[in-house]
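Below is one structure; the comments refer to it alone.
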Amino acid sequence: MLITRTDRTVSITVFARTPVAPATAFAVIAPIDLSLVFKADRFFPGVSHIEGQHDAWDRAGVAREPHFTDGSHVTERLTEYTAPHGFAYELTGFTNVLDGLAQGVRGEFSFLPDGTGTNIRWTYEFLPRRGRGWVLRGPFKPLWQRYMRRALGLMAEAAEARR
């Protein structure tokens, strides 16, 4: 386990509402093609492709290696998968600037009923490297939150297109 209850982390959470049922939102977002939703911007690269995924993205323990448009990559491993309620994953082994800022990240999606639709909650919890928490809490946080909002918006659109 990357993060324990005693670790001081930096959490960034975004939300999106969609008119589709939680089961539909989960079924679309959990296995989504990351290159369709993580687009490069001025501050962060997009996802170009995935390598090393040999199994369906549908259970704890499955791993893959997202590659980014700047040539860097990271290892991603599912740690929880409870359809249609949520899933969690860890990102470690960054080969870009995040390696200098964080030991790793725990990501978590929750799909909560909202009337006949869904409220999607997505959290990135960074485990900062020693002396780097201020960077993640300060100048980095609003930029990453904007990046996450854009990606989550594209995920919600993909779920709505499945109606």
Side-chain angles (χ1 to χ4, degrees), residues 1-3 5 9-70 72-94 96 98 102 104-127 140-163:
M1 180 171 17
L2 175 68
I3 296 174
R5 69 175 187 82
T9 61
V10 177
S11 291
I12 302 172
T13 301
V14 295
F15 297 89
R17 283 189 168 78
T18 180
V20 302
T24 301
F26 181 94
V28 171
I29 292 172
I32 202 160
D33 179 345
L34 300 179
S35 69
L36 299 177
V37 295
F38 286 98
K39 302 295 185 182
D41 67 14
R42 290 185 325 178
F43 301 103
F44 303 109
V47 172
S48 61
H49 66 283
I50 302 294
E51 291 185 7
Q53 183 176 337
H54 305 292
D55 296 306
W57 196 249
D58 63 359
R59 67 188 175 288
V62 177
R64 62 187 179 187
E65 190 172 274
H67 285 250
F68 301 100
T69 54
D70 67 355
S72 65
H73 58 86
V74 67
T75 299
E76 180 179 28
R77 180 174 311 279
L78 269 174
T79 58
E80 299 172 34
Y81 189 91
T82 308
H85 306 292
F87 63 95
Y89 54 94
E90 292 179 347
L91 300 169
T92 56
F94 292 101
N96 57 23
L98 283 177
V105 172
R106 182 181 190 278
E108 180 180 331
F109 277 86
S110 297
F111 300 85
L112 309 167
D114 184 32
T116 58
T118 305
N119 186 16
I120 305 163
R121 181 183 65 209
W122 179 25
T123 299
Y124 247 57
E125 187 177 10
F126 291 87
L127 180 60
F140 179 84
K141 188 172 184 171
L143 299 172
W144 191 258
Q145 192 170 41
R146 183 178 57 91
Y147 186 69
M148 287 175 69
R149 275 192 191 115
R150 186 171 65 156
L152 185 56
L154 292 170
M155 291 178 212
E157 286 176 17
E160 291 166 20
R162 186 89 167 261
R163 288 170 60 172

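When reading the values below, keep in mind they use all heavy atoms of this one structure, side chains included, and skip hydrogens, waters and symmetry mates.
Of all the heavy atoms in Ser35 and Ser48, the pair that sits closest is CB-O, 3.8 Å. Considering all non-hydrogen atoms of both residues, Pro84 and Ala23 come closest at CB-CA, 3.6 Å. Taking both residues in full, the closest heavy atoms of Tyr89 and Glu76 are given as CD1-OE2, 3.5 Å, listed atom of the first, atom of the second, then distance. Taking every heavy atom of both residues into account, Leu112 and Pro22 meet most closely at C-CG, 4.4 Å. The two residues Asp58 and Leu78 come nearest to each other via the heavy atoms N-CD1, 4.0 Å.
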Inset, instruction - List the steps, then state whether side-chain contact (heavy atoms from CB on, under 4.5 Å) holds for Arg106 with Glu80. - result: CA-CA 11 Å; Arg106 182 181 190 278; Glu80 299 172 34; 2.5 Å; yes
Anything under 3.5 Å between a donor and an acceptor, one on a side chain of residues 9-17, the other on a protein residue two or more places apart or in another chain? List them.
{"unit_1": "Thr9", "atom_1": "OG1", "unit_2": "Glu125", "atom_2": "OE2", "d": "2.8"}
{"unit_1": "Thr13", "atom_1": "OG1", "unit_2": "Thr123", "atom_2": "OG1", "d": "2.8"}
{"unit_1": "Arg17", "atom_1": "NE", "unit_2": "Asp114", "atom_2": "OD2", "d": "3.0"}

Please set out all donor-acceptor pairs under 3.5 angstrom arising from side-chain atoms of residues 149-162, sequence neighbours excluded.
{"unit_1": "Arg150", "atom_1": "NH2", "unit_2": "Lys39", "atom_2": "O", "d": "2.6"}
{"unit_1": "Arg150", "atom_1": "NH2", "unit_2": "Ala40", "atom_2": "O", "d": "3.4"}
{"unit_1": "Glu160", "atom_1": "OE2", "unit_2": "Thr18", "atom_2": "OG1", "d": "2.9"}

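Panel note: side chain Gln53, backbone Asp55; a donor-acceptor pair is recorded below 3.5 Å. Proximity of a side-chain donor or acceptor of Thr69 to a complementary backbone N or O of Gly46 within less than 3.5 Å is detected.
Counting heavy atoms from C-beta on, the side chains of Phe111 and Ile29 come closer than 4.5 Å.
Classification of Glu90 and Arg77 as a salt-bridged pair fails, no side-chain N sitting under 4.0 Å from a carboxylate O.
In this pair, Phe26 and Tyr81 present their aromatic rings perpendicular. The plane angle is above 60°, beyond the 30 to 60° band.
Partners of Phe140 by ring pair (Phe, Tyr, Trp, His ring centres under 6.0 Å), not counting sequence neighbours, listed by chain and number: Phe44, Phe126, Trp144.
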